Amino acid sequence: MIIIMTVKTRFAPSPTGYLHIGGVRTALYSWLHARQNKGNFILRIEDTDRERSTQESVDAIIEGMDWIGLDYDEGPIFQTDRFDRYTEVINQLLEQGDAYHCECTRDELDAMREAQRANKEKPRYNGKCRDAGHNGNDIESVIRFRNPVDGDVLIDDLIKGQITINNRELDDLIIARSDGTPTYNLTVVVDDLDMGVTHVIRGDDHINNTPRQINMMKALGAELPQFAHAPMILGGDGKRLSKRHGAVSVMQYRDEGYFPQALLNYLLRLGWSHEDQEIFSRDEMISLFKIENVNGAPSTFNTKKLLWVNEQYIKTLPAVEITEHLQWHLDDQDLDVSNGPALHDVIEAHRDRAKTLKELAASIGYYYEDFSEYDEKASKKHFKTATPDILQNLLDKFSKVSDWNAANIQAEINATCEELELGMGKVGPALRVAVTGSGMSPSLDITMALIGQQRSLQRLQKAVEFTRQKYA
RNA sequence: GUCCCCAUCGUCUAGCGGUUAGGACACCGCCCUUUCACGGCGGUAACCGGGGUUCAAGUCCCCGUGGGGACGCCA
């Protein structure tokens, strides 16, 4: 009989800062693995370090997960709610003889490490209290796990392959602080076991913790989950992306105008690929992704490629979906789009010329609000002595248009060109500055159709006056 | 320093013993063009070094080198 365990993965950040890119990627891998196996994905907040954990960070993580769209089936679970359970396990370990009280002081430990470093050795606990038999009643003490001394620990890593670490390299780690609170390595083990996590997917900065955790799991007589350690993401400087350089909050990517889906897409392709495909829908990600195919090597974050991916989304996503995400930027930029053309149509006209939602929002103001000044460079370049007459000619023709649409607008522009014996290049740019205030826009017929006849005529009138005065 | 991981164009990657070493981003040309873009076409550009194994090595093994990570009463 084969028992099929429900796949369960988790993302377990510590709330000591914002949710950053590296975290999002491991969360994505975990989420993907759970979703493609019809399993569960857990969000667990590892807040045992009460000194550094903050509510703001918890909120930021939840907000980030929400924005990026990685939904979880359980959680957020807070480790601080589970202290009783950890204590229980620590006591069990103590009773079993797999843990012991240690009375070494911090100063002693520091001196020990310093000496080891000076001796070109790997700093680790020397086991002084290992067999001292302290009961932990009198002096302030911590509790350490009694790590096996001999043999190797094998990790069959889904990404890295087989990793072997000799127990000689490990020391007896602290599982309970002197104030009685449990530490990370103990809590992860207990939680992953209790919660039935089948696949531990995390950053490879945890590889060194894994053998210790495996030893503890074994001491508890538990069955091991599968491990998958994803490589770090490096910054442009070749150093691991950290809060210090580059690894900004995911929310900053929203602020800069990226689609959550585009960020996810980029992150997915960073270290993983499927044939020559670059763009993956959510469903494709879920069905195509294989944790085993994740590259073992660290990769460098490349903003330009991310920008390109984002551009692809702007170019192809249904306008309604763009609107959903664009709204935040419209609000952010204080642009009210209720008085003007349908946002849908504006998006269609502009989607090919914006790489980010922020850019998009910033470039469509003239459809909804009148501008008070012309772009300096553009007006200088395109408003010439002949301009007033050209614009007046256009104005006269546009005034008579009864059906204001792109084709009719273009026809009038063409008529002016012919009448004045001018090329489009002499007419178009000035007209553009006149009706948009700027030097760039979609083609004029479409742009003006969107701006609307009344607004276009008013602006043209103003531009005629402005340029007449200028060249008077 | 010790241990662990990693190594193909500048970057992300394909390659799983026999390939003109493929794709994407970026970059550079050309075309399109009323602006800004989009787009189309083309181009530059890589197997870290040295030893093995093999008829044959980017692909397997070893040693260097380089990069990353870990070495807390942080997670």
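Just so you know, these numbers come straight off a predicted model, no measurement behind them. Naming convention: chains lettered A, B, ... in sequence-line order (proteins, then strands); numbering from 1 in each chain.
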Assign a letter to each nucleotide of nucleotides 36-47 of chain B from its 5' end: B, base within under 4.0 Å of a protein heavy atom; S, sugar-phosphate only; -, no contact.
-> BBSS--------

When we call it a touch if two heavy atoms are under 4.0 Å apart, what does A:I163 touch: a base, just sugar-phosphate, or nothing?
-> sugar-phosphate

Could A:R44 and A:D192 be called an ion pair, given the rule that one side-chain N must be under 4.0 Å from one carboxylate O?
-> yes

Between B:U35 and B:G42 - P atom distance, rounded Å = 25 Å

Whole-angstrom distance between B:G10 and B:U44, as gauged at atom C1' | 12 Å

Where along residues 183-194 of chain A does a heavy atom come under 4.0 Å from RNA chain B, residue by residue in number order?
-> A:T183, A:Y184

Under the salt bridge (Lys or Arg N to Asp or Glu O under 4.0 Å) test, which residues partner A:E169, sequence neighbours left out?
-> A:K122

How far does the P atom of B:G58 sit from the matching atom of B:A46, given to the nearest Å?
-> 15 Å

Quick one: ring pair (Phe, Tyr, Trp, His ring centres under 6.0 Å) pairs with a partner in residues 169-191 of chain A, sequence neighbours left out?
-> A:Y184-A:H206

A:F289 and A:W272: CA distance, side-chain angles, deciding distance, ring-ring contact (aromatic ring centres under 6.0 Å, His included) verdict | CA-CA 8 Å; A:F289 178 75; A:W272 177 85; 5.6 Å; yes

Set of salt bridge (Lys or Arg N to Asp or Glu O under 4.0 Å) partners for A:R106, sequence neighbours left out | none

Measure the shortest side-chain to side-chain distance between A:M217 and A:P225 over non-hydrogen atoms and say whether it is less than 4.5 angstrom.
-> yes

With rounding to whole Å, what would you report as the distance between B:U59 and B:G52 at their P atoms?
-> 15 Å

Are OP1 or OP2 of B:U35 and a side-chain N or O of A:T436 less than 4.0 angstrom apart?
-> no

Between the protein and nucleotides 65-70 of chain B, are there any N/O to N/O pairs under 3.5 Å, and if so, what are the atom names and distances?
residue : atom : partner : partner atom : Å
B:G68   : OP1  : A:K239  : NZ           : 2.4
B:G69   : O3'  : A:R240  : NH1          : 3.3
B:A70   : OP1  : A:R240  : NH1          : 2.8
B:A70   : O4'  : A:N208  : ND2          : 3.1

Residues forming a side-chain contact (heavy atoms from CB on, under 4.5 Å) with A:S30, sequence neighbours excluded | A:T9, A:F41, A:I201

Could you work out the separation of B:A70 and B:A75 based on their C1' atoms and round it to a whole Å?
-> 13 Å

Could you measure between the two C1' atoms, the one in B:C16 and the one in B:U2, and give it in whole Å?
-> 34 Å

Rounded to whole angstrom, note down the P distance from B:U65 over to B:C28.
-> 39 Å

According to a strict under-4.0 Å criterion, is A:S273 in side-chain N/O contact with OP1 or OP2 of B:A14?
-> yes

Can you name the atoms? Protein N/O to nucleotides 57-64 of chain B N/O, anything below 3.5 Å, with the distance.
none

Let me check something: any side-chain donor-acceptor pairs from residues 291-305 of chain A under 3.5 Å, sequence neighbours excluded? List them with distances.
residue : atom : partner : partner atom : Å
A:N302  : OD1  : A:K304  : N            : 2.9
A:N302  : OD1  : A:K305  : N            : 3.2
A:K305  : NZ   : A:E278  : OE1          : 3.3

Have a look at A:D172 and tell me which of A:R144, A:R130, A:K128 forms a salt bridge (charged side-chain N to carboxylate O under 4.0 Å, His left out) with it.
-> A:R130

Under the side chain to side chain donor-acceptor pair (under 3.5 Å) test, which residues partner A:Q312, sequence neighbours left out?
-> none

How would you list, by chain and number, every residue that makes a salt bridge (Lys or Arg N to Asp or Glu O under 4.0 Å) with A:D98, sequence neighbours excluded?
-> none

Pairs involving residues 410-421 of chain A, ordered by first then second residue, that meet side chain to side chain donor-acceptor pair (under 3.5 Å) (sequence neighbours left out) | A:N393-A:T416, A:N393-A:E419, A:K397-A:E419, A:Q410-A:N414

